[in-house]
Amino acid sequence: MVKSTYSKQILPLFFVLFGLPVLLFSQTDTLKQQLKEVEVSASPANPEIGTATPVQTLHLQQLQSLPAIQVSDALKFFSGVVIRDYGGVGGLKTISVRGFGSQHTAVAYEGITLSNSQTGQIDLGRISLENVETLSLIQAQQEDLLVPARQFAAANLIDIQNSIPQFKNNQRTSVNFNFTAGSYYLFNPYLKISNLLKSKKHPHDSEVITFIRANYIQSRGNYPFKMNFGNAGDSVSTERRKNSDIQALSAEMGLYTSFKDSSLLTLLFSYYDSERGLPGATILYNLNSKERLWDKAIYGQAKFQKVFSKKFTYRSSAKFDYGYTRYLDPDYLNEEHYLNNIYIQREYYLSNALRYQYRKFKVALSNDLAYQNMSANLPDFPNPGRLSILTVLAGQYNHKHLNITGHLLHSLYLQHSNAQTAKNVNRLSPALSFSLRPILSEQFYLRLFYKHIFRMPTFNDLYYREAGNTALNPERTNQYNFGMSYGRYFSSAHFSLNITSDVYHNQVRDKIVPIPNKNLFIWTMLNYGKVNIWGVDANVNLFWQPCSFLQLQLLGNYSFQSAQDMTDPDSKTYKHQIPYTPKHSGAFHLTLTIYRFTLSGDLIMAGERYALQQNTDENRLPPYLDGSIGLGYSFNSNNIPISLKMEVLNIADLHYEIIKNYPMQGRSVRLKLKIAL
């Protein structure tokens, strides 16, 4: 039994949640009235179809229909994406996009990029989907130029936008309550309370909205898995995952303000606190693990935007971030037989951006200043720090047939530490993209882009004991992409179709790889690797609504990736597929809505992968298919929207691994309840 460390925080929330009037009996019809048909001469515009770089977006309705409670769950339905999942609700979840490591993908939350200077990767399992309005994956660069420079400084960008509180009629307060329960003691309540402090009486009046929201998740994670005692045909036993529990509380409060002059101000303050077990690899005859991990984070951000005229728009962003991590291993093989490491990260960040627009031209200038440092309770820890100055000049030309977007990023990184300091970095990084619409009457586009960017070595790469190398160079990447997109709306059949397909080539140079030094337990980091990646992404989105009470939507994608190690022609790994990158992968999601009922089915598939650089049978991970189904019912009771949903995940109860020796969860059930007051 997992002993909760959050009883004081959760008990008041528990009473509030379960004190809500959920046993409501009167029902009102929730069917939308069918509007009169209006004939249009062109199909509805889809902004994702016409972008010069590939953009994949899941909107609120789609996110709610997916079998997903974390951002990492939803990202599995994007093409070119591999989620490296260590299993269970509490397992680490990082992303690889088009063969790039997770450090090459930035994560923007409400327009400001999250960061982790220690490892360079964001645990996407920490971010709940409960309040997400849109989730986007953007290749290379955004269409919107008025963004912080840091969003240009990565190969890919995950953009997470939360929903803004909505109020009915003369309502001043709204309450949203969601509750999810599932197998292996999954317990996930969510509460959001929003207040309309000042409403708009006319279009040019000001408006003030405040909100608080809290999300708690707990799971034992003791799911069964199959342990193989040798090759195929040998003994197999059923074991249970141990030390795989998680308890996590996240709370946010914030403010949305629009002023009389149409200026916008948003404030967000958040707190995160978690404790989890680290189950470790499933090694024969040794399934016990006692390692624990504690994470605490305090985060605040502010954004301000002002439109000076039709030509000039200004946006400023700022944030502070404090992160505390404690790692405990009571069985560590040192003199003390005990390891208790504490790491603290801090970041202070300021961004300013100005955009000028004249007819078909847009020009933007963005500048970011960020300071990060890190300390630990380790002896002789170097306490590294880094000052980042990023400046980008971006331009865009929009014509009815042609869209051209480009930018030039200047990056300056100044570093210091108490020991040998890593070298400073000063680089220029260009990018250029084109989108061509040959026939104006059709939503058919051709697109092409190139981008050069790099990722800085993390503090672990540079300073980790017995492994760090302060002489490391940044990993350099080149991206090339050619694609097409097509969208069509058939008004007579109430049917829409969107198709995109892209062929890409990525190069990674000066790849940072660990190399054995003194022995197998003491490694060092070197700029040794070269990787060439060729791939194809294809996406299809179908929507059909033949009548007011029937809807059908299909989302599907397929990816091919050939990601080969080109480091050393004499190496045994030369031209081998890089670890954990399947050549073939895909995902499909089907939703059928009839009156108040919603039936959904999902399938995620991946081909064979290899756990190590050598593509041998011993390192091979077999392909897998993971299918899920869901059934939902929505209704109104006393004008209060209520929805119920049941999900059966991994319905075939297949046993597979994404990361070798970290088994994934088999069949499980989740029940969801949502109420909006």
Side-chain angles (χ1 to χ4, degrees), residues 46 48-49 51 53-59 62-63 65-68 72-85 95-100 105 135-140 155-156 158 444-449 479-488 496-506 532-544 552-564 577-578 580-591 600-610 621-629 650 652 654 656 658 664:
N46 185 342
E48 299 162 22
I49 290 293
T51 56
T53 60
V55 177
Q56 301 176 68
T57 299
L58 290 170
H59 299 276
Q62 297 166 323
L63 291 170
S65 66
L66 292 175
S72 56
D73 299 329
L75 289 170
K76 295 177 182 179
F77 292 88
F78 287 152
S79 63
V81 167
V82 174
I83 297 294
R84 297 186 177 180
D85 192 334
I95 191 171
S96 171
V97 180
R98 291 189 169 186
F100 287 136
T105 299
L135 176 66
S136 300
L137 175 62
I138 303 166
Q139 308 286 344
N156 313 287
I158 298 170
F444 174 70
Y445 297 85
L446 299 173
R447 59 191 178 203
L448 177 71
F449 81 76
Q479 297 171 266
Y480 306 86
N481 186 97
F482 173 75
M484 59 77 64
S485 58
Y486 176 74
R488 182 76 181 268
S496 66
L497 169 67
N498 294 322
I499 300 174
T500 65
S501 179
D502 292 271
V503 179
Y504 61 87
H505 175 50
N506 297 333
N532 279 357
I533 305 163
W534 290 91
V536 177
D537 286 346
N539 294 271
V540 60
N541 185 341
L542 302 175
F543 182 81
W544 182 43
L552 178 68
Q553 183 167 22
L554 171 67
L555 302 175
N557 70 71
Y558 165 77
S559 297
F560 168 80
Q561 287 187 47
S562 174
Q564 296 182 331
Q577 188 85 348
I578 62 176
Y580 296 115
T581 304
K583 283 192 173 181
H584 304 278
S585 62
F588 299 91
H589 172 70
L590 178 66
T591 303
S600 61
D602 306 271
L603 184 65
I604 297 174
M605 59 183 183
E608 64 178 19
R609 295 93 61 224
Y610 295 91
L621 289 171
Y624 67 85
L625 291 171
D626 190 337
S628 304
I629 61 172
N650 193 354
L654 298 177
Y656 66 95
I658 295 178
M664 296 294 292

Closer than 3.5 angstrom, by distance alone: can the side chain of [X] be matched with the main-chain N or O of [Y] as a donor-acceptor pair?
X      : Y      : answer
Arg609 : Pro622 : yes
His584 : Ala606 : no
Asn539 : Gln56  : no

Check whether any side-chain heavy atom of [X] lies under 4.5 Å from a side-chain heavy atom of [Y], and answer yes or no.
X      : Y      : value
Val540 : Leu497 : yes
Val82  : Pro582 : yes
Arg98  : Asp537 : yes
Asn481 : Gln139 : no
Met605 : Phe588 : yes
Leu603 : Leu625 : yes

Say you draw a straight line from [atom1] of [X] to [atom2] of [Y]; how long is it, rounded to the nearest 0.5 Å?
X      : Y      : atom1 : atom2 : result
Leu75  : Leu135 : CG    : CG    : 5.0 Å
Ile604 : Ser628 : CD1   : OG    : 7.0 Å
Thr105 : Phe100 : OG1   : CZ    : 8.5 Å
Leu63  : Thr57  : CG    : OG1   : 10.0 Å
Leu554 : Leu552 : CG    : CG    : 7.5 Å
Phe543 : Leu555 : CZ    : CG    : 11.0 Å

Salt bridge (Lys or Arg N to Asp or Glu O under 4.0 Å) involving Arg447 - partner list, sequence neighbours excluded: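 For Arg447 the salt bridge (Lys or Arg N to Asp or Glu O under 4.0 Å) partners, ignoring immediate neighbours, are Asp502.
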
Show your reasoning for whether salt bridge (Lys or Arg N to Asp or Glu O under 4.0 Å) applies to Lys76 and Asp626. CA-CA 11 Å; Lys76 295 177 182 179; Asp626 190 337; over 6 Å; no

Heavy-atom pair with the smallest gap, counting every atom of [X] and [Y]:
X      : Y      : answer
Pro54  : Phe449 : CD-CE2, 3.6 Å
Ser65  : Ser600 : O-OG, 3.7 Å
Gly80  : Gln561 : O-NE2, 3.5 Å
Ile49  : Gly487 : CG2-N, 4.2 Å
Ile658 : Ile83  : CG2-O, 3.6 Å
Ala74  : Ala68  : N-CB, 3.9 Å

Any chance you could lay out the side chain to side chain contact (heavy atoms under 4.5 Å, CB included) test for Thr53 and Gln479, step after step, and finish with the verdict? CA-CA 11 Å; Thr53 60; Gln479 297 171 266; over 6 Å; no

Quick one: do Phe78 and Val97 satisfy side chain to side chain contact (heavy atoms under 4.5 Å, CB included)? Show the steps, please. CA-CA 10 Å; Phe78 287 152; Val97 180; over 6 Å; no

Within 45° cone of Tyr580 ring axis and under 6.0 Å: Arg84 NZ or CZ: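 No, a cation-pi geometry is absent between Arg84 and Tyr580.
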
Walk me through it: do Val81 and Ile95 pass the test side chain to side chain contact (heavy atoms under 4.5 Å, CB included)? CA-CA 7 Å; Val81 167; Ile95 191 171; 3.8 Å; yes

Ile533 and Tyr504: CA distance, side-chain angles, deciding distance, side chain to side chain contact (heavy atoms under 4.5 Å, CB included) verdict: CA-CA 8 Å; Ile533 305 163; Tyr504 61 87; 4.0 Å; yes

Classify the ring geometry between His589 and Phe77 as parallel (under 30°), tilted (30 to 60°) or perpendicular (over 60°). perpendicular

